[in-house]
Number of protein chains: 2
Amino acid sequence: MTSYIEPLAQESTPSIIADKLRKAIGHGELKPGTQLGEADLARKLGVSRGPLREGMQRLTQEGLLVAIRNRGLFVVDMTADDVQDMYLAREAIERAAARKIMLGDHKAAGEQLLAIVHDMAAAEGDPAAVGEIDIAFHERLVELAGSPRLSRMHRTYITETRMCIHALEETYTTSEVRVGEHQRLAEAILNGDGLHADDLLVAHMDDAIARLTSR
Amino acid sequence: MTSYIEPLAQESTPSIIADKLRKAIGHGELKPGTQLGEADLARKLGVSRGPLREGMQRLTQEGLLVAIRNRGLFVVDMTADDVQDMYLAREAIERAAARKIMLGDHKAAGEQLLAIVHDMAAAEGDPAAVGEIDIAFHERLVELAGSPRLSRMHRTYITETRMCIHALEETYTTSEVRVGEHQRLAEAILNGDGLHADDLLVAHMDDAIARLTSR
DNA sequence: CGGGTTAGCATTGTCGACAATCTACCTATT
DNA sequence: AATAGGTAGATTGTCGACAATGCTAACCCG
């Protein structure tokens, strides 16, 4: 379907590095508190320290890394307050996304989201898979709003969410409940019921906070 | 009031550079579409290209600069769609901020905001001053929510807002209307009327979009 | 034995130089 | 005259080396 002739956007090296590090952080390969030694990392990635530092600056800007002058960069260690704040931010973004979807083709959007819920139900029993699909659901939700800014902000918090999930995988509740929550949300969007969707989203986020911070 | 003994946070050079560029972009010193030549800028700022590039990476991440490989970095030229998207993002953030303020000490917050409105009324007649105070109002609103993430995201969009204001300063409507809008919002927050504040905020943003994109 | 000082080490911060790439202009050919 | 090709200039991308800073630990002195 896609044409063979397209702009062929060559990504810049810092951009690739930033993506790699984001993935590594999200997947628990770089644990919170870890120091990222520049010389070491540069060797492993096969680049020089210049581009590497540029890539890391981006993650610092996103709040995934914290810089201490003349000490180095460290993976953030999230406190309970951070988790709460992160979900506050996600809630803000996803509510806005849902609101915008309502103004557009909410039926098509609802169908796409229901398809993801379907996958989630199929994956039940495999907590890791359900977690990934859960994230995919929210990513798609924001993507469907068609807002570059909402998407860009959301990407950051998705990484932070992954961090949390990996940090306490066993605590993560079994999936029956979550499939239901997502399904109701997708249906509300499909039906164009904006107020209901909004309420569900808020409740969903509160649930998540409770799950992650209670312990 | 502040103690003489404080953490004395020495900001890193890239951080200072990023701030300087942000200000320059916001205040119209760097017009949309301008190319930022590295060698030239480095000379002007008195630093080498390394730290400069790191600072610019941050602005690229924020969306204030766009990078074209092997061509350089340019100040974004905002389209009407961009303006709309920016206000969508700001609306999402500020609504969340207002909502969180309601859960805390909304009286104190309302009073602080009313003080700013008072300043705005006093500055009536000077469009530039009113514009700055307008921005200060929204900055404070988000700051009062006490959310690091909301504040960080908001800072980016404040710069974009400044860009727009500077780009079309004369088009900016006279201030009577805006003072009223802000005052009602501050009062709603003072009174703890969350729903009303939310409605006012949405209307206020829609107004702003209309002002900036109509033309 | 404890506190303070100092030397050494490791890591980050900064810089200058070289290589790769793109744009613009000029020339030659059809 | 118009277009294809080539060349020169400038700019970015990348790298390696040096300087500055902070931590660690051994050592000395009270």
Side-chain angles (χ1 to χ4, degrees), chain A residues 5-25 29-77, chain B residues 5-25 29-77:
Chain A
I5 296 173
E6 47 180 27
L8 64 98
Q10 306 191 37
E11 265 185 300
S12 72
T13 311
S15 177
I16 297 170
I17 292 172
D19 280 349
K20 269 199 187 319
L21 290 179
R22 244 193 298 268
K23 284 212 181 80
I25 292 173
E29 201 173 321
L30 293 172
K31 291 190 175 33
T34 310
Q35 177 169 12
L36 282 72
E38 296 183 358
D40 199 41
L41 248 180
R43 249 196 315 277
K44 278 179 188 154
L45 290 171
V47 296
S48 135
R49 281 176 54 211
L52 175 67
R53 285 174 63 94
E54 289 179 30
M56 297 203 297
Q57 280 295 327
R58 295 199 185 186
L59 300 196
T60 304
Q61 175 72 9
E62 291 181 16
L64 259 44
L65 302 179
V66 287
I68 305 179
R69 246 185 92 100
N70 298 316
R71 284 285 305 280
L73 292 158
F74 301 82
V75 181
V76 282
D77 202 352
Chain B
I5 295 173
E6 47 180 24
L8 61 99
Q10 305 192 38
E11 266 185 299
S12 71
T13 310
S15 177
I16 297 170
I17 293 172
D19 280 349
K20 269 199 187 320
L21 291 179
R22 242 192 299 269
K23 283 211 181 80
I25 293 174
E29 200 172 323
L30 293 171
K31 291 190 176 34
T34 310
Q35 177 170 12
L36 297 162
E38 296 184 358
D40 200 40
L41 248 180
R43 248 194 317 277
K44 278 179 188 154
L45 291 171
V47 296
S48 146
R49 280 177 55 211
L52 175 66
R53 283 175 64 94
E54 289 179 31
M56 298 202 298
Q57 280 294 328
R58 294 198 185 188
L59 300 195
T60 305
Q61 175 73 8
E62 291 181 18
L64 259 45
L65 302 177
V66 287
I68 305 178
R69 247 185 91 98
N70 298 316
R71 283 288 304 281
L73 292 158
F74 301 82
V75 181
V76 281
D77 203 351

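Proteins come first, then strands; the chains are lettered A, B, ... in the order of their sequence lines, and each starts at number 1.
The nearest whole Å value for the distance from the CG atom in L45(B) to the C1' atom in dT14(C) is 15 Å. The distance from atom CZ of R43(B) to atom C1' of dC15(C) is 15 Å, rounded to the nearest whole Å. Note: CD (E11(A)) to P (dT12(D)) measures 20 Å, nearest angstrom. Note: CD (E38(B)) to P (dT14(C)) measures 16 Å, nearest angstrom. The nearest whole Å value for the distance from the CD1 atom in I68(A) to the P atom in dA10(C) is 21 Å.
Contacts between residues 53-66 of chain A and DNA chain D, defined by a heavy-atom separation below 4.0 Å, involve no residue at all.
No donor-acceptor pair under 3.5 Å is formed between the side chain of E54(A) and the backbone N or O of T13(A).
In terms of phosphate contacts, T13(A) brings a side-chain nitrogen or oxygen within less than 4.0 Å of OP1 or OP2 of dT14(D).
In this structure, D77(A) has no salt bridge (charged side-chain N to carboxylate O under 4.0 Å, His left out) partners at least two apart in sequence or on a different chain.
Considering only side-chain atoms of Q35(A), the nucleotide from dC15(C), dT12(C), dC15(D) that sits closest is dT12(C). Of all nucleotides listed (dT12(D), dT14(D), dC15(C)), dT14(D) comes nearest to the side chain of P14(A).
Comparing A39(B) and G46(A) against DNA chain D, the residue whose closest nucleotide sits nearer the 5' end is A39(B).
Using a 4.0 Å heavy-atom cutoff across all strands shown, L36(A) reaches sugar-phosphate atoms only and no base atom.
V75(A) is not listed as a side-chain neighbour of K31(A), based on a closest heavy-atom distance of 4.5 Å or more. In this structure, the side chains of K20(A) and I17(A) stay at 4.5 Å or more apart for every pair of heavy atoms. Side-chain contact between D19(A) and R22(A): present, with at least one pair of heavy atoms (C-beta onward) separated by less than 4.5 Å. At least one side-chain heavy atom of L41(A) sits less than 4.5 Å from a side-chain heavy atom of L21(A).
A salt bridge (charged side-chain N to carboxylate O under 4.0 Å, His left out) with E38(A) is found for one member of R43(A), R71(A), K44(A), R53(A) and no other, namely R53(A).
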Base contacts versus sugar-phosphate-only contacts with protein, heavy atoms under 4.0 Å: please encode nucleotides 16-22 of chain D as B, S and - from 5' to 3'.
-B---SS
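Here the closest heavy-atom approach between residue L59(B) and residue A18(B) is recorded as CD2-O, 4.0 Å. Taking every heavy atom of both residues into account, R58(B) and T60(A) meet most closely at NH2-CG2, 4.3 Å.
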